[in-house]
Amino acid sequence: MKLLPRKIETIIEPQAVIEGAGVRLKRSIATRELDYLDPFLLLDHFASDDPRDYEAGFPLHPHRGIETVTYVLKGEVRHRDTLGNSGSIGAGDVQWMSAGRGIMHEEMPQVRPEGIAGFQLWVNLPAKLKMTPPRYQDIRSGEIPEIKMRDGARIRVITGTVGEVKGPVTDIAAAPIYLDVLVPSHSSFQQPIKRGHTAFAYLFEGEARFHGDDKEKGTLISGPKLAVLGDGDYLKVTTGEIPVRFLLVSGKPLHEPIARYGPFVMNTQDEIKQTLYELRMGTFVTT
Ligand code: MN
């Protein structure tokens with residue numbers, strides 16, 4: 001069978017939003033243009049050197065039915081939850097949190113001279129895992145393998161497999177790939193992505209061409225942009241004068257109904273009502 005390249009299906013312009021207690025960020029999933037990219041529910045990009053854009057942070061708030069993936073490029077985010085977990089993630093670190101049946105936590109970017117930069121992705125949980133106990137995978141930068149390819153690309157493998165190298169985040173229902181890819185000027189990058197899985201590239205620095213096949217010129221994109229990829233077996237990207245850096249993310253779609261209310265994502269409105277009832281009654285978090 002001939003391997004099919006993944007062409008760009010849609011290019012999404014990230015939107016400026018204010019979230020939490022007043023954090024300015026760029027959102028490209030969970031917008032009017034792109035509400036849900038099954039199994040991905042939200043993608044936020046935060047980047048600022050001005051403390052007024054981020055110091056208010058995300059004070060105590062609940063989650064249920066989803067996973068939140070925080071990847072910090074620069075600065076520091078402190079977190080604390082009502083189950084007694086707390087810690088801090090810094091440059092290059094990842095926190096993959098499965099909220100399951102529920103957590104209440106705060107996520108507070110720290111004011112530092114270098115500012116803050118990073119991403120938060122929400123991954124949906126299948127119906128059968130929505131009410132499982134919460135789970136954290138905290139991964140320090142040094143535990144994330146960084147590969148240098150012969151053609152110059154440098155890839156940090158957070159989850160999924162690149163060649164023989166496997167990322168440290170494991171046992172996630174969506175069988176995701178999450179890569180941080182840097183392609184220097186006049187280079188190329190190619191990565192297999194399982195057919196039938198949803199995939200996107202989030203370009204946050206520079207520009208690159210995304211190729212539908214080996215012969216055509218491809219589509220040139222400059223960051224910050226979200227490129228939703230059509231189905232196929234692999235992605236091919238090339239650069240000209242300007243290098244590019246992007247997240248490459250894929251995951252197995254759930255094809256289940258969603259009922260979404262802020263930080264809760266369930267399958268039915270009744271489950272959302274039940275969640276709000278538990279919050280009111282003080283029974284939302286059970287230890
Ligand atoms: Mn949160």
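FYI, the numbering just counts along the sequence from 1. Given the structure is predicted, the values throughout are model-derived calculations rather than measurements. Both ligands and their constituent atoms are indexed starting at 1 by order of listing.
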Apply ring pair (Phe, Tyr, Trp, His ring centres under 6.0 Å) to Y54 and list each qualifying residue two or more places apart in sequence or on a separate chain.
none

For S141, side-chain hydrogen bond (donor to acceptor under 3.5 Å, both in side chains) partners two or more places apart
R156

Between E278 and R64, does at least one N-O distance fall below 4.0 Å, as a salt bridge requires?
yes

Under 2.8 Å from the Mn ion (ligand 1), how many protein N, O or S atoms can be found?
4

Non-hydrogen side-chain atoms of E33 and Q15 separated by less than 4.5 Å:
yes

Across all chains, not counting sequence neighbours, the ring pair (Phe, Tyr, Trp, His ring centres under 6.0 Å) partners of H63 are H61, H105, W122

Shortest non-hydrogen contact between K236 and T238, atoms and distance:
CE-CG2, 4.2 Å

